[in-house]
Amino acid sequence: MPEHLHPPTIGTAPDPAVVVARTLDWYAGQARDLPWRRPDCSPWGVMVSEFMLQQTPVTRVLGPWQAWLDRWPTPAALAASPAGEAVRMWGRLGYPRRALRLHRAAQAIVDDHGGQVPADLEELRALPGVGDYTAAAVASFAHGRRAVVLDTNVRRVLSRVAAGEGQPPAHVRASERARAEAHLPRAAGRAARWAAASMELGALVCTARNPRCEACPLVDLCTWNLAGRPEETYRPRTQSYEGTDRQCRGAVLAVLRDAAGPVATTELRTAWPEHRAGGADQFERALTSLAADGLVTAIGAEHWALPGD
DNA sequence: AAGGCGTGGTC
DNA sequence: TGACCAAGCCT
């Protein structure tokens with residue numbers, strides 16, 4: 001019996017073609033004017049934005065992104081600067097290893113790709129700091145390629161709309177990828193717009209907390225909404241930040257970032273007052289791990305600095 | 001394959 | 001207020 005003779009049933013996933021069409025219509029009217037979405041933005045500009053946006057909100061990325069591209073408008077420009085300058089320019093965006101990886105990726109682009117950001121998914125995936133999501137995002141947003149762009153927003157939207165689950169699983173599963181593939185339009189241009197639109201819907205409407213279902217173009221066919229938006233019982237346990245090694249690393253790196261030259265270990269230690277839980281051992285541990293990551297370099301026996309290249 | 005890795009905003 | 005969250009990646 002033809003599919004269209006069956007009326008929609010509660011708990012049945014809606015037609016992907018309808019989901020895509022409605023989301024694209026919504027996006028046409030609601031998309032934010034972000035600088036890396038403008039037609040004149042280079043593939044490099046898109047790639048820089050994707051690195052900065054990893055686990056970091058859009059509002060905090062806007063300023064640093066512009067400053068970064070003003071200073072390093074091409075991969076070659078960044079590759080010609082010392083790695084420490086990339087770490088310094090990264091500022092307080094967080095996860096400073098991303099700055100190091102972006103710098104190494106720029107060098108690889110110069111060395112292996114003629115200075116041009118690759119469009120091929122596998123070539124992108126091979127770059128430092130580029131995982132499945134970022135590779136697909138750059139291929140799609142920078143080059144208009146058809147790719148499965150599966151970030152936390154898209155995962156949440158599809159989990160709710162198609163699976164009736166309020167939150168996606170902790171890690172990407174094959175079933176999610178298959179679901180995303182089933183929603184991906186055939187035409188590359190439409191696929192790229194769907195990627196941006198589904199992410200935007202997750203970011204602005206289908207949010208993790210307090211979703212604005214009344215403003216959602218999919219509200220009447222969303223499996224999760226039709227089921228009464230059941231709450232998830234599972235909550236990943238989040239570690240508090242105060243007093244952690246992460247905070248200690250951040251405090252140490254902040255001193256080096258703001259210093260013109262090498263800083264003595266004794267002075268660096270004042271960035272982590274003894275009254276904190278971890279004490280002196282924690283400081284040594286943080287410094288060692290920062291050096292192991294390549295974020296800091298020893299100068300002689302008693303000084304530290306950002307890496308030279 | 002869980003857990004480590006920054007920082008700041010929100011409710 | 002503290003817990004959660006934000007366009008993940010790497011080991």
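Numbered from 1 within each chain, the chains take letters A, B, ... in sequence-line order.
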Heavy atoms within less than 4.0 Å of DNA chain C: which residues of residues 176-191 of chain A have one? Give them sorted by number. none
Base, sugar-phosphate, or nothing: which does A:R173 touch, judged by heavy atoms less than 4.0 Å apart? nothing
Quick one: is A:R249 getting a side-chain N or O under 4.0 Å of the B:dG6 phosphate, OP1 or OP2? yes
Pair up each side-chain donor or acceptor in residues 292-305 of chain A with any protein partner under 3.5 Å, not counting sequence neighbours, and list the distances.
unit_1: A:D293; atom_1: OD2; unit_2: A:R249; atom_2: NH1; d: 3.0
unit_1: A:D293; atom_1: OD2; unit_2: A:R249; atom_2: NH2; d: 2.8
unit_1: A:W304; atom_1: NE1; unit_2: A:T265; atom_2: OG1; d: 3.0

For A:Y95, all residues meeting side chain to side chain contact (heavy atoms under 4.5 Å, CB included), sequence neighbours excluded: A:Q55, A:R98, A:R246
Can you sort out which residues in residues 39-58 of chain A have a heavy atom within less than 4.0 Å of DNA chain B? Ascending by number, please. A:Q55, A:T56
Which is true for A:L100 with a 4.0 Å heavy-atom rule: it touches a base, it touches only sugar-phosphate, or it touches nothing? nothing
Looking across every strand, which nucleic acid part, if any, lies under 4.0 Å from A:W90 by heavy atom: base, sugar-phosphate, or nothing? nothing
For A:W224, ring pair (Phe, Tyr, Trp, His ring centres under 6.0 Å) partners two or more places apart: none
Donor + acceptor pair across side chains of A:T134, A:Q54 (<3.5 Å): yes
Just jot down the side chain to side chain contact (heavy atoms under 4.5 Å, CB included) partners of A:A215, sequence neighbours excluded, or say none. A:R212
Hits for side chain to side chain contact (heavy atoms under 4.5 Å, CB included) against A:L69, two or more places apart or cross-chain, chain-then-number order -> A:W44, A:V48, A:W65
Suppose we screen for side chain to side chain contact (heavy atoms under 4.5 Å, CB included). Which residues come up paired with A:V148, at least two apart in sequence or across chains? A:L150, A:R177, A:A180, A:E181, A:L184
Which atom pairs, one a donor and one an acceptor, fall under 3.5 Å between side chains of residues 121-131 of chain A and the rest of the protein, sequence neighbours left out?
unit_1: A:R125; atom_1: NE; unit_2: A:D132; atom_2: OD1; d: 2.8
unit_1: A:R125; atom_1: NH1; unit_2: A:V130; atom_2: O; d: 3.3

Run the salt bridge (charged side-chain N to carboxylate O under 4.0 Å, His left out) test against A:R229 and tell me which residues pass, sequence neighbours left out. none
Which residues share a ring pair (Phe, Tyr, Trp, His ring centres under 6.0 Å) with A:W72, sequence neighbours left out: A:W68
Where along residues 124-160 of chain A does a heavy atom come under 4.0 Å from DNA chain B, residue by residue in number order? none
Regarding A:L253, tell me which of base, sugar-phosphate or nothing describes its non-hydrogen contacts under 4.0 Å with the strands shown. nothing
